[in-house]
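Excluded from the calculations below are hydrogen atoms, water molecules and symmetry mates; all remaining heavy atoms, backbone and side chain alike, are included. Numbered from 1 within each chain, the chains take letters A, B, ... in sequence-line order. Here the structure is a predicted model, which is why all the values come from computation and not from measurement.
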There are 2 protein chains.
Amino acid sequence: MLKGHLDAIVLAALEAGPAHGYAVIETIRARSGQTFDLPEGTIYPALHRLEQAGLLSSSWTTPPSGRRRRVYSLTKAGAAALARRRKDWTRFAGAVDSFLGGRAWPA
Amino acid sequence: MLKGHLDAIVLAALEAGPAHGYAVIETIRARSGQTFDLPEGTIYPALHRLEQAGLLSSSWTTPPSGRRRRVYSLTKAGAAALARRRKDWTRFAGAVDSFLGGRAWPA
DNA sequence: CCACATACCTAGTAATGCTAGGTATGGATG
DNA sequence: CATCCATACCTAGCATTACTAGGTATGTGG
């Protein structure tokens with residue numbers, strides 16, 4: 001359960017460049033070392049939500065050989081939101097660590 | 001938003017010894033460096049939930065001079081659950097860090 | 001040809017933290 | 001002594017959110 005952090009992760013997954021939904025799922029699975037194996041019912045609504053919020057923009061691609069795909073890319077607002085989320089995460093994780101500890105690192 | 005991690009934090013706050021609800025709120029606020037300033041409507045239901053689940057036990061104290069308080073303490077199952085949550089958190093935080101990064105620490 | 005991976009979607013569910021209200025007592029302040 | 005605030009407890013209902021469970025369709029490999 002990534003309650004509350006899914007959006008940040010999706011944005012981060014699109015930071016390297018545009019990608020379609022299914023690819024986002026695989027990127028997240030790979031980059032997290034199989035920890036986050038998210039079902040489609042989690043990702044697709046999240047992508048729609050983020051586009052609705054103006055943090056992503058999408059366009060359909062229909063290559064001559066291949067299936068139709070909806071490709072998402074970060075908007076300017078999306079990049080800004082990601083930066084904010086990064087700071088939030090650092091603060092949040094630091095605070096949780098003060099309870100669940102074992103994760104001290106140098107200033 | 002601590003969605004999904006609140007229980008672990010409450011359990012951790014009671015790790016040092018029994019405490020009543022209001023004290024738990026203050027402990028959490030202090031230990032988190034004011035990051036988690038939780039309303040009572042968050043903590044009390046959480047304490048009830050955890051007691052219901054057998055992870056906490058409670059008893060009323062009515063000192064001669066003072067207000068009635070409900071004191072909670074970790075049960076054995078609660079301590080075990082906390083240990084599990086600790087491992088989960090480490091794994092989870094590590095995975096999120098692989099996206100939101102900037103937090104590398106020595107093995 | 002048939003199974004499977006790819007690729008998209010949505011309605012409904014369950015969990016959960018929070019808002020907003022309520023009650024009551026003790027200590028401090030004027 | 002009256003008033004206010006901090007302490008201390010509680011709950012009903014709300015909003016968000018990730019997930020379950022279904023559905024559709026196409027390309028590829030056996």
Provide a list of protein-nucleic acid N or O atom pairs under 3.5 angstrom, restricted to nucleotides 2-5 of chain D.
none

Check: Could you state the OH-C1' distance from B:Tyr72 to D:dA8, rounded to the nearest angstrom?
Finding: 11 Å
Next item on the list: Using a cut-off of strictly less than 4.0 Å, decide whether B:Arg68 has a side-chain nitrogen or oxygen near OP1 or OP2 of D:dT7.
Entry: no
Next item on the list: To the nearest 0.5 angstrom, please state how far the OH atom of A:Tyr72 sits from the CD1 atom of A:Ile43.
Entry: 10.5 Å
Next item on the list: Measure the spacing between CD1 of A:Ile28 and CG of A:Asp37 and express it to the nearest 0.5 Å.
Entry: 10.5 Å
Checklist line | Nucleic acid footprint by protein, nucleotides 20-26 of chain D - heavy-atom cut-off 4.0 Å, B for base, S for sugar-phosphate alone | finding: BB----B
Check: Whole-Å distance between C:dC8 C1' and A:Glu51 CD?
Finding: 14 Å
Check: How long is the line joining CD1 of A:Ile43 and P of D:dA18, in whole Å?
Finding: 9 Å
Item checked: B:Arg70/B:Glu51 salt bridge by N-O under 4.0 Å criterion -> yes
Checklist line | Flag side-chain contact, heavy atom, 4.5 Å: B:Thr62 against B:Arg67 | finding: no
Checklist line | Contact residues, residues 4-35 of chain A to DNA chain D [heavy atom, < 4.0 Å] | finding: A:Gly4, A:Leu6
Margin query: Measure CD/B:Gln52 against P/D:dC10 and give the value in whole Å, please.
Written below: 13 Å
Margin query: Would you compute the distance between atom CG of B:Leu74 and atom OG of B:Ser57 and round it to the nearest 0.5 angstrom?
Written below: 8.5 Å
Margin query: With a 4.0 Å cut-off on N to O distance, would you call B:Arg86 and B:Glu15 a salt bridge?
Written below: yes
Checklist line | Nucleotide D:dG27, atom C1' - distance to CZ of A:Arg69 in whole Å | finding: 11 Å
Note to self: Need to verify one output field. Residue with the more 5' nearest nucleotide on DNA chain C, A:Leu47 or A:Lys3?
What the structure shows: A:Leu47
Margin query: Can you tell me which nucleotide in C:dG17, D:dC19, D:dT11 comes closest to the side chain of A:Leu38?
Written below: D:dC19
Notebook entry, point to check: With distance as the sole test, does A:Thr75 use its side chain to make a donor-acceptor pair with the main-chain N or O of A:Gly54 at under 3.5 Å?
Noted result: yes
Next item on the list: Choose from C:dC9, C:dG17, C:dT6 the nucleotide whose nearest atom is closest to any side-chain atom of A:Arg70.
Entry: C:dC9
Next item on the list: Quickly work out the B:Leu2 CG to D:dT16 P distance and round it to whole Å.
Entry: 18 Å
Check: Taking atom C1' of D:dA12 as reference, at what distance in whole Å does atom OH of B:Tyr44 sit?
Finding: 17 Å
Next item on the list: Measure the spacing between OG of A:Ser58 and CG of A:Leu47 and express it to the nearest 0.5 Å.
Entry: 9.0 Å
Check: Hey, what's the ring geometry for B:His5 with B:Phe92, parallel, tilted or perpendicular (30° and 60° as the breaks)?
Finding: tilted
Note to self: Distance check needed: C:dA11 P versus A:His48 NE2, whole Å only.
What the structure shows: 11 Å
Margin query: Just so I know, are the side chains of B:Arg49 and B:Leu6 near enough to count as touching, which here means a heavy-atom distance under 4.5 Å?
Written below: yes
Check: Considering residues, nucleotides and ligands other than B:Gln34, do more than 12 of their heavy atoms fall under 6.0 Å from its CD?
Finding: yes
Check: Is there a side-chain contact between B:Phe99 and A:Leu11 (heavy atoms, below 4.5 Å)?
Finding: no
